[in-house]
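Computed from a predicted structure; not experimentally measured. Each ligand, and each atom within it, is numbered from 1 in the order the structure gives.
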Amino acid sequence: MRTSVRWAIHQIYRAVAGSTRGRLRRPCVRWTGRGALGACEGGGDVAGPGRQWWRDAVIYQVYPRSWADSDGDGIGDLPGITERLPHLAELGVDAVWLSPFYTSPQRDGGYDVADYRDVDPLFGDLAAFDALVARAHGLGLRVIVDIVPNHSSDAHPWFRAALASPPGSRERARYLFRDGSDEGRLPPNNWTSMFGGPAWTRVTEPDGTPGQWYLHMFDTSQPDFDWTNPEVRDELEDVLRFWLDRGVDGFRIDVAHGLVKFEDLPDTDLTLDANVDATALAPMWDQPGVHEIYRSWRRLADSYAVEGEDADRILCAEAWVLPAQALAQYVRADELHQSFNFEYLMTPWLPDEQRASITRSLAQAGAVGAPQTWVLSNHDVVRHATRLGYPQHPGLQRIAGIGADDPQPDPVLGLRRARAATAVMLALPGSAYLFQGEELGLPEATRLPDESRQDPTWERSGHTQRGRDGCRVPMPWEGDAPSYGFGPGERSWLPQPAEFGALAVDRQRDDPGSTLSLYRALLAVRRTHRLGLGHLTWLDGHPEDVLAFEVTSEDASVTVLANLGTDPLTLPDSADVLLTSAFPGTAGHVGPDETVWLRS
Ligand code: GLC
């Protein structure tokens, strides 16, 4: 059968499968508290042998280049992270997730890995990694690391060997090398890279002639692996074991929806727009074959868990997959533990959209017995204190980078809304991910000089997409120190905006109205009331533009009122306020863009 015909049939199959997914689902389980699972109608197995600490965990993302620099070279490193870990223990999170620190030419901030089993000298060495894990565990923090299985760096020994070997060789078969069309002159298909430009690059063969093309869904320096090759599967599983044996508590799986491509790599009509598109009909995303890989990974992770102990090793998918029910397939009981809820991240600060997104998210994850995750910021998107400083419109929000000549956000409104949105998120049942600096209310750096930009998106898009540097600017720790305490000297790999000084950790630590104090309070109340293990009920009788819900756990009930309207909401005299997102709040009222937690 011709590829195009097979592809058309596949598209129809997927459209139908999408609409019947709910019926194909596995039996569900309902979590009723740490260590106890109650079966829903139809029963089901416990998802994993351990006590499942991850179901309500708050996990803090550190982008190693930008958190803390111990040696003054302007780039953060592992010893710097280790030294600053007490900040996370004081904040009250459960785990830290480290973006890649592996040996890498750093063409994509380390998501281009040349050696999966070593630390890049920029960041330290394996001994520094072991010290970090020991310190984190000593502070009661778990450690999750990134795994990048979709592609390696072009500096990886396998890719070098592939370039030095002829077409059809075992070395080439680990990647997606193909002959070009039009007698080799044009790329094998019409796919475009997520960073702009074609997704194919032509190589020069060892004998000097123009040769085959290789696929790279991201930068040219990030060749995609061929996951139909068992050697690739074995190698990546071995990498997982390497880090599990070193004591990590889990992995965040980069581009988890991209590993398997549709057979024969057919042309696509899909226009790719930086990470956001619906993936339903794309031949390079969310192919059914990925699930079998993750079942195998789950068996591997479970083999490290300890029956009855809080020692599960977890797997979390970075999968930009819509709709939510397709994403939920990644977290069925025998697959991954979690996947990032990017649909929630992109939901505008509008009451109907928020309600619908939360309801849908809980239903889809609940249908497969998984906890939902919640996230508002990460190293790939505009920080939420800035996103929310723009007028809000129905539909998915803008997450692409901002430049000095773009419309600028309202920073005061953005921060007020960001605090209110975080107070909603941290009340929701499930697990939450925080991105470094959001606990300080850091805004996106929207006026970075273009010559300082390092995200490959900026160059590859021909200077039309600013890229992601604006959220990656190094952390301010001390308001009066050089580089705001990021390192011992002035150097910082991206310039820090002047407003970072007033937002430094030491300026906020003892200020009861600071964003840092708010995050600490939210995390403390969330933990003591075990809201992450709770059950959400929407409350009637409130104005349309107020999100009103109750979260009930075995230990307590908390009522959450988030005012997304323009008029203050009056609280009843009996209201017992646990905390408010605004400082100072107005007694007896919930102001516009404010969230309060009440004892129910
Ligand atoms: C993921 C990472 C992103 C990286 C890309 C390619 O989306 O989060 O930072 O550029 O994968 O590895």
Using 30° and 60° as the class limits, which term best fits the ring planes of F218 and F195: parallel, tilted or perpendicular? perpendicular
Please state which part of F340 comes within less than 4.0 Å of ligand 1, counting heavy atoms only: side chain, backbone, both or neither. neither
Flag side-chain contact, heavy atom, 4.5 Å: W191 against K261: yes
Return the orientation label for the Y214 and F177 ring planes: parallel under 30°, perpendicular over 60°, tilted otherwise. tilted
Output the list of atoms in ligand 1 that are nearer than 4.0 Å to some heavy atom of H151, sorted by atom number. 6 (C), 12 (O)
Would you kindly check if the NZ (Lys) or CZ (Arg) of R65 is within the cone defined by 45 degrees around the ring axis of W493 and under 6.0 Å from the six-membered ring centre? yes
Ring center gap for F340 and F342 short of 6.0 angstrom: yes
Within the structure, is a non-hydrogen atom of R468 found at a distance of less than 4.0 Å from ligand 1? yes
Quick check on R252 - does any of its heavy atoms sit under 4.0 Å from an atom of ligand 1? yes
Any N or O of D380 closer than 3.5 Å to N or O of ligand 1: yes
Under 6.0 Å between ring centres, would you say that holds for H216 and W200? no
Proximity to ligand 1 by part of R472, non-hydrogen separation under 4.0 Å: side chain
Strictly distance-based, threshold 3.5 Å: is any side-chain N or O of W297 a donor or acceptor partner for the main-chain N or O of E335? no
At the 4.0 Å heavy-atom cut-off, does F195 count as touching ligand 1? yes
Test side-chain hydrogen bond (donor to acceptor under 3.5 Å, both in side chains) applied to H156 - qualifying residues, sequence neighbours left out: none
If you count the atoms of ligand 1 from 1 in the order shown, which ones are under 4.0 Å from a heavy atom of D108? 4 (C), 5 (C), 6 (C), 10 (O), 12 (O)
Checking heavy-atom distances from atom 12 (O) of ligand 1 to each of V148, D254, N378, the winner is D254
When you look for heavy atoms under 4.0 Å from ligand 1, do you find them on the side chain of H379, its backbone, both, or neither? side chain
If the contact criterion is a heavy-atom separation under 4.0 Å, does R107 count as touching ligand 1? no
